[in-house]
Amino acid sequence: MAKIDPQLAKDVKKRRTFAIIAHPDAGKTTLTEKLLLFGGAIQMAGAVKGRKAARHATSDWMEVEQQRGISVTSSVMQFEYDNHVINLLDTPGHEDFSEDTYRVLTAVDAAVMVIDAAKGVEAQTIKLLEVCRLRNTPIITFINKLDREVRDPIDLISEIEEILKLECVPITWPIGMGKTFRGVFSLEKDQLVRFTPGEARVSEDAELIQGLDNPRLDELFPLEMGFVRESIELMQGVSNPFDIEKFLAGEQSPVFFGSGVNNFGVKDVLEALVKWAPDPLPRDGGARQVEPTEQPFTGFVFKIQANMDPKHRDRIAFFRVCSGRYTQGMKVRHLRENRDMKIPNALTFMANDRVSMTDAVAGDIIGIYNHGQLHIGDTLTEGENLGFTGIPYFAPELFRAARAKDPFKAKQLQKGLKELGEEGAIQVFEGEFGNLLLGAVGFLQFEIVAQRLATEYKVDAIYENTDVSTARWLSFPNEDVKKRFTDEQATRLAHDADGNLVYLATSIYNLQTTQKHWPDVEFHTTREKNQTFGE
């Protein structure tokens with residue numbers, strides 16, 4: 001058993017690291033802003049309203065996000081609240097950027113699931129919850145947009161339980177909806193904290209009303225309270241009490257109602273994260289489980305972001321600390337490259353604003369300046385041979401060939417695509433003759449990459465259709481089979497950004513025929529970082 005440092009254990013216990021997940025337009029980025037506002041990290045929240053917004057959300061820092069009014073990359077924000085250090089990861093809701101979200105979910109210990117109260121459970125919510133379920137991630141549910149005409153709260157809870165197979169326990173309950181939305185009553189505390197609705201700042205004149213039978217509630221909300229009391233009684237009669245063990249096992253979710261844009265219900269979510277979300281959890285290091293309170297420093301890269309500061313052409317590796325303590329200038333072992341490297345200056349973030357980080361423990365997300373030496377999934381330790389698992393890549397189903405409009409910018413295009421490929425914005429495959437192929441899970445990825453190449457790398461490219469319809473990673477039983485296969489299929493092979501061999505099929509029929517002819521060769525639809533295929 002590794003030696004435990006009492007101060008390290010104390011610091012780790014204060015960490016809360018979570019992601020916010022949702023279907024597009026459920027209000028995820030607005031909730032992120034308001035959590036930062038209530039956490040004291042920002043003074044005024046910016047709304048996500050596309051091109052004409054005077055302010056943009058802190059978490060949507062890329063020019064392309066501010067133009068389109070959507071999140072296309074994950075943001076990391078750290079702040080302190082109630083004597084805890086909160087690491088909040090905002091993720092893209094759009095399904096075309098789901099790979100980025102899946103990777104982020106490998107780096108967190110809990111998640112806040114945002115549900116649109118008018119639309120209920122949507123397609124992307126189902127997919128994201130399936131990913132959370134792979135790791136039994138504890139889920140806090142926030143049912144948002146009660147300031148609009150929405151569905152009955154009991155119906156919404158029933159739908160979550162039925163579709164997501166997740167037991168729900170209401171912790172707060174809404175009073176009214178739409179134009180008559182008055183706030184949320186805390187069932188746990190048996191009180192209403194009455195805020196003045198407001199988009200930008202936290203209200204200072206909150207009124208506290210104790211007890212569901214308090215006559216003051218009838219005074220304020222004479223039309224709503226009868227129905228509210230009846231609904232709460234009905235809900236409490238059929239739902240189980242909150243069970244922290246079931247929550248931590250990913251089997252039960254505390255449910256909060258509110259309106260992110262009006263500040264209602266946000267503070268309840270923040271308090272629940274501090275009170276109920278787990279401390280940093282042990283991690284599968286391949287060779288063994290790594291405990292967060294161990295002294296040796298370990299962790300993994302789950303995201304690379306190029307050009308957070310386009311003027312300096314920088315790349316930042318987002319690194320989840322799994323154990324030990326980061327100290328400025330420390331030396332670590334880069335296991336994939338089997339060499340030592342120094343981390344002279346780590347960063348912490350408020351979206352694209354960065355602050356030098358001199359101390360970090362398990363649960364913290366630090367940024368490491370990256371000159372191409374770090375890739376997604378890389379493990380760093382103080383010498384032990386570990387490899388953190390679970391960072392997925394999926395076989396793309398959409399493909400484009402790319403070439404520079406100006407032949408003299410071919411090298412620039414190659415550099416830009418290589419960096420965006422390492423970042424995970426898109427998958428890049430290099431063919432036998434140096435031709436570049438882009439693979440995506442959604443068409444919007446091509447548009448974003450084209451826009452970023454033009455703005456960040458000053459390269460206009462031509463994107464052409466190709467005969468490739470799907471890709472598979474390859475593994476071989478021995479070198480002889482590998483040589484015969486690669487000789488025969490040379491024109492259909494490429495390498496991904498990590499040098500893995502990939503088979504590019506023209507159709508599912510073509511893929512199935514090749515698989516039949518080569519029964520000893522394995523064709524993989526996914527790969528995890530630290531897996532190598534057919535190099």
Side-chain angles (χ1 to χ4, degrees), residues 61-68 70 72-73 92 94 96-97 99-100 303-317 352 369-376 393-471 473 489-506 535:
W61 56 269
M62 291 168 69
E63 181 187 344
V64 66
E65 293 180 304
Q66 294 175 4
Q67 287 175 357
R68 290 170 182 258
I70 60 167
V72 301
T73 186
H94 200 290
D96 287 8
F97 301 95
E99 279 193 313
D100 196 32
K303 172 184 171 60
I304 306 280
Q305 184 68 55
N307 303 320
M308 287 183 81
D309 182 354
K311 291 175 190 167
H312 295 102
R313 281 282 180 268
D314 65 346
R315 282 194 288 170
I316 302 293
N352 67 325
Y369 284 107
N370 180 31
H371 306 290
Q373 79 274 28
L374 290 172
H375 294 179
I376 290 170
Y393 282 79
F394 301 90
E397 301 293 333
L398 302 168
F399 296 86
R400 292 285 183 275
R403 60 186 172 86
K405 277 186 186 176
D406 179 353
F408 291 105
K409 290 201 170 181
K411 278 190 176 174
Q412 231 166 306
L413 173 68
Q414 200 146 7
K415 181 179 186 288
L417 286 176
K418 182 175 183 288
E419 290 185 3
L420 291 174
E422 285 174 6
E423 179 188 316
I426 202 156
Q427 293 195 49
V428 182
F429 303 98
E430 189 170 350
E432 190 186 16
F433 306 107
N435 51 311
L436 295 174
L437 196 67
L438 307 185
V441 294
F443 281 109
L444 194 53
Q445 278 180 277
F446 293 129
E447 290 180 36
I448 299 296
V449 163
Q451 192 168 345
R452 289 186 63 189
L453 281 169
T455 56
E456 295 171 21
Y457 295 91
K458 309 298 181 231
V459 178
D460 284 323
I462 297 165
Y463 303 92
E464 298 168 321
N465 287 332
T466 168
D467 68 348
V468 178
S469 75
T470 191
W473 285 279
Q489 301 290 336
T491 58
R492 302 248 45 99
L493 298 178
H495 287 89
D496 69 9
D498 289 324
N500 292 299
L501 200 59
V502 181
Y503 179 77
L504 305 172
T506 54
E535 289 181 332

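Note that the structure is predicted; figures quoted are calculated from it, not measured.
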To check you understand the geometry: which heavy-atom pair defines the closest contact between [X] and [Y], and what is its length?
{"X": "Phe429", "Y": "Ala494", "result": "CB-CB, 4.0 Å"}
{"X": "Leu504", "Y": "Arg492", "result": "O-NE, 2.6 Å"}
{"X": "Leu413", "Y": "Ala404", "result": "CD2-N, 3.4 Å"}
{"X": "Tyr463", "Y": "Ala450", "result": "OH-CA, 3.4 Å"}
{"X": "Pro396", "Y": "Gln427", "result": "CD-NE2, 3.9 Å"}
{"X": "Lys405", "Y": "Ile462", "result": "CG-CG1, 3.5 Å"}

What distance separates Leu453 CG from Leu420 CG, expressed to the nearest 0.5 Å?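 Result: 5.5 Å between the selected atoms.
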
If you measure from OH on Tyr503 to CG on Leu493, what distance do you get to the nearest 0.5 Å? 8.0 Å

Has Asp498 got a side-chain atom pairing as donor or acceptor with Asn500's backbone, closer than 3.5 angstrom? no

Please confirm whether the backbone N or O of Gln412 pairs with a side-chain atom of Lys458, one donor and one acceptor, at under 3.5 Å?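 No.
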
Hey, does [Y] have a side-chain heavy atom less than 4.5 Å from the side chain of [X]?
{"X": "Leu438", "Y": "Phe399", "value": "no"}
{"X": "Asp460", "Y": "Asp406", "value": "no"}
{"X": "Val449", "Y": "Leu417", "value": "yes"}
{"X": "Asn370", "Y": "Glu419", "value": "no"}

With Val468, the side-chain contact (heavy atoms from CB on, under 4.5 Å) member among Val502, Leu398, Leu437: Leu437

With sequence neighbours left out, what residues match Asn435 under side-chain contact (heavy atoms from CB on, under 4.5 Å)? Phe433

When you measure from the centre of the six-membered ring of Phe446, is the NZ or CZ of Arg400 under 6.0 Å away and within 45° of the axis?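 Judged by the rule (NZ or CZ under 6.0 Å from the ring centre, within 45° of its axis), Arg400 counts as positioned above Phe446.
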
Glu430 and Lys418 ion-paired at < 4.0 Å: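 Here Glu430 does not pair with Lys418 in a salt bridge, since their nearest N and O are not under 4.0 Å apart.
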
